[in-house]
Structures are given as C-alpha cells and as structure tokens.
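Step one of this worksheet: look at the structure below.
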Amino acid sequence: MSETLTWTPVATVDELWEGEVGEFYAGEQPILLAHLRSGDIRAYDGTCPHAGFPLADGEVTDDVLTCSAHSWEFDLTTGAGVNPPGCRLRSYPVRRDGDQIAVLLNGDNT
C-alpha cells in the first residue's frame, strides 16, 4: 500500500520577500520558509534543533540564518549547520503553484 502525499499550503509568495525568512504553520507544525537570494524557496522545521527557539526570529545574512537565542548558524540553501558544523535543520519539499507555497510533510524528510 502506497502512502498518499499531502501538500499543505502554508503561505503566498507575497508574504515572503526575497532574502527573508518567515514562520508559517502547517496545522500545528511551525515551518520556517526561506526565500533565498537566488529566488528559490526552502522549508525547514520552524524551531532551532539546539534549544527549540523559533528560527524566524533570527537574522539572515548571505543566506545564512543566525538563531537569535544562542547564535547557531545554518546555511539556508542546504539546511546544514555552519556553526556548529555537525547540526542540520530538518527540511521539507516545497512546491509553488502560482503564488501559493506548499510543503510536503509526509515521507522521509531530512
């Protein structure tokens, strides 16, 4: 039996300017959307893996997000930790349908 994939609309493109991040929700799940300088949109778990603080409160410089709580840094193009390097943000596939941004919460997200 195959699992049905469910895309969840979380925002519109107008709600997230290029170079910005924002906290949105898929049901009760906080999602961090990042609109990269390249124009791509990435989706990650909305809380820092270090201590659970909201990542959308952080500062973005050159597609690197610095968590406002303890200054952990993440590369928003990949989700990989910059400082410390051994951590990673949980990512979700993103789909754009016109102006609508949707994320896929099912399956094996990394």
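Using a 4.5 Å heavy-atom cutoff, the side chains of His35 and Glu20 are not in contact. Proximity of Val60 to Leu76: side-chain heavy atoms (C-beta onward) are separated by under 4.5 Å at one or more points. A heavy-atom distance below 4.5 Å is not found between the side chains of Phe24 and Val103. Looking only at side-chain heavy atoms (C-beta outward), Leu55 and Leu89 come within less than 4.5 Å of each other. Looking at heavy atoms from C-beta onward, Thr61 lies out of side-chain contact with Thr66 at the 4.5 angstrom threshold. Put simply, the side chain of Phe74 does not reach to within 4.5 Å of the side chain of Arg88, judged on heavy atoms.
In this structure, CG in Asp40 is found 9.5 Å from CG in Asp63, a value given to the nearest 0.5 Å. Atom OG of Ser91 sits about 11.5 Å away from atom CG of Leu32, to the nearest 0.5 Å. Atom CZ of residue Arg42 and atom OG1 of residue Thr78 lie 8.5 Å apart, to the nearest 0.5 angstrom. To the nearest 0.5 Å, atoms SG (Cys48) and CG (Asp57) are separated by 11.5 Å.
Sequence neighbours left out, not one pair with a member in residues 93-105 passes side-chain hydrogen bond (donor to acceptor under 3.5 Å, both in side chains).
For the residue pair Thr8 and Ala26, the shortest heavy atom distance occurs at CG2-CB, 3.8 Å. Nearest heavy-atom pair across Glu23 and Gly46 is OE2-O, 4.3 Å. Taking both residues in full, the closest heavy atoms of Phe53 and Cys67 are given as CB-SG, 4.4 Å, listed atom of the first, atom of the second, then distance.
Contacts of Pro84 classified as side-chain contact (heavy atoms from CB on, under 4.5 Å), with partners at least two apart in sequence or in another chain: Trp72, Cys87.
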- Passes side-chain contact (heavy atoms from CB on, under 4.5 Å), Ile41 versus Leu36? Steps please. CA-CA 6 Å; Ile41 297 175; Leu36 305 178; over 6 Å; no
- Steps toward side-chain contact (heavy atoms from CB on, under 4.5 Å) verdict (Leu105, Ile31): CA-CA 10 Å; Leu105 299 180; Ile31 301 292; 4.0 Å; yes
- Query: Asp62 and Arg37: side-chain contact (heavy atoms from CB on, under 4.5 Å), yes or no, with the steps?
  - Reply: CA-CA 8 Å; Asp62 297 329; Arg37 294 176 300 150; 3.5 Å; yes
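Side-chain N or O atoms of Tyr44 include none that pairs as donor or acceptor with a backbone N or O of Tyr92 at under 3.5 Å.
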Enumerate donor-acceptor pairs with a distance under 3.5 Å from any side-chain N or O in residues 10-18 to protein atoms, sequence neighbours excluded.
{"from": "Thr12", "atom 1": "OG1", "to": "Glu15", "atom 2": "OE1", "distance (Å)": "3.2"}
{"from": "Glu15", "atom 1": "OE1", "to": "Thr12", "atom 2": "N", "distance (Å)": "2.7"}

